[in-house]
Amino acid sequence: MTLVVGHAADLEERGGAHLRLAATLARTSGDDVVVATVTARGFPDPRVDQEYRRWVDDVVRSRQGRAAHDLREAGVAEVRTVAVEATSVPAGLVGVVERVGGTLLVLGREGAVPEHLLRSSPVPLALAARAGSPGQRVTRLTCTWAGTDRSRAALAWARRISAAWDVPLRLVTFAPERDPMLPSETGLHVEREVSTAWARQAQTELEQVAADLPGPPDTVVARGSGWPGAVSAAGWADGDLLVVGSSRLGPLARVFLGSTATRIVRAAPVPVVVVPRGTES
């Protein structure tokens, strides 16, 4: 497996969470890493274009070299660098993935580039956590389950990677609970009873899914106030990696990250892999 990590020319000023995640994934899998930097196509004026190109090339070489050095220092055995010009960063990164046979695209979680790639990436995306270290190695995969095709795609990927990396797999269903209304329209005790009954049903389904898997994996229904509370309630540690699914919609077969998955990604305190349907094998 080849990990492609998107590294903008100015990324050092915004932190290196994407590089730390790439190092963690590579140490776990033993895969090689390609550091990819995309720059805009040149200006129409050849004189401006030539001068600008020389400056950009110098910056890119310097910062890619530093990123490659940091990855090797972090224990990554094989690191390559690729610099391309493209009309946009997402288009350039997709081109690099296709060119080098990348199987996972590693990015930071902030900014517009990850959002665009969630709609156009041909491979799963690994999004770094906003803070903290992902750990020396991945020690557990947690896959979300909601009984949908997106969940099945995510689970297929997670099962394969769990076996390849020899790490345990956990299944989780998030059960966000709304804050009680004052006064409650149905009565607070009724809302709690409905929530508890739904959680029992979700736990039963999780256990049925887990029973068909090797292991079987641990299961948890994580209940909490809103999506942040529910995601937090699952319990997390260094080395955790969360896996969520997305679906392909539209004539261009673009990747669409549903509102539920978006909330999970935003709330997750650990790195997240988003698996588009059709890329799980």
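Residue numbers count from 1 along this sequence. Keep in mind it's a predicted model, so treat the numbers as computed, not measured.
- Listed by first and then second residue, the salt bridge (Lys or Arg N to Asp or Glu O under 4.0 Å) pairs that reach into residues 73-82 are Asp32-Arg80, sequence neighbours excluded.
- Residues passing the salt bridge (charged side-chain N to carboxylate O under 4.0 Å, His left out) test with Asp58 are Arg61, sequence neighbours excluded.
- We find the CG-CZ distance between Leu107 and Arg109 to be 11.5 Å, quoted to the nearest 0.5 Å.
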Stepwise side-chain hydrogen bond (donor to acceptor under 3.5 Å, both in side chains) test for Glu85 and Thr39
CA-CA 5 Å; Glu85 287 187 350; Thr39 57; 4.6 Å; no

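- Of the inter-residue distances, the one linking Leu155 atom CG with Ser162 atom OG reads 10.0 Å to the nearest 0.5 angstrom.
- Judged purely by atom type and a 3.5 angstrom limit, Arg170 has no side-chain atom pairing as donor or acceptor with the backbone of Cys143.
- With rounding to the nearest 0.5 angstrom, the CG atom of Leu241 is 6.0 Å from the CH2 atom of Trp165.
- At least one side-chain heavy atom of His7 sits less than 4.5 Å from a side-chain heavy atom of Leu19.
- Side-chain polar atoms of Thr219 and Gln203 form a donor-acceptor pair below 3.5 angstrom.
- Closest approach of Ala67 and Val35 over heavy atoms only: CB-CG1, 4.3 Å.
- Contact annotation: the side chain of Leu171 approaches that of Leu206 to within less than 4.5 Å [non-hydrogen atoms, C-beta and beyond].
- Side-chain contact between Arg200 and Val221 is absent, with no heavy-atom pair separated by less than 4.5 Å.
- Between the side chain of Thr2 and the backbone N or O of Thr103 there is no donor-acceptor pair closer than 3.5 Å.
- Between Trp145 and Arg152, some side-chain heavy-atom pair lies under the 4.5 Å cut-off.
- Using a 4.5 Å heavy-atom cutoff, the side chains of Leu141 and Ile161 are in contact.
- For residues 232-244, the pairs satisfying side-chain hydrogen bond (donor to acceptor under 3.5 Å, both in side chains) are Arg140-Asp240, with sequence neighbours left out.
- In summary, Arg54 and Asp57 do not engage in a salt bridge, as defined by a charged side-chain N under 4.0 Å from a carboxylate O.
- In this structure the side chain of Val244 reaches within 4.5 angstrom of the side chain of Val265, judged on heavy atoms.
- For Arg263 (side chain) and Trp227 (main-chain N/O), no donor-acceptor pair under 3.5 Å exists by modelled atom type.
- Looking at Thr28 and Gln136, their side chains never come closer than 4.5 Å, going by heavy atoms from C-beta outward.
- Atom CG of Leu25 is separated from atom CZ of Arg20 by 13.0 Å, given to the nearest 0.5 angstrom.
- Of the inter-residue distances, the one linking Leu117 atom CG with Leu93 atom CG reads 5.5 Å to the nearest 0.5 angstrom.
- A donor-acceptor contact shorter than 3.5 Å is absent between the side chain of Thr142 and the backbone of Leu242.
- A 4.5 Å side-chain heavy-atom check between Val167 and Thr139 finds every atom pair outside the cut-off.
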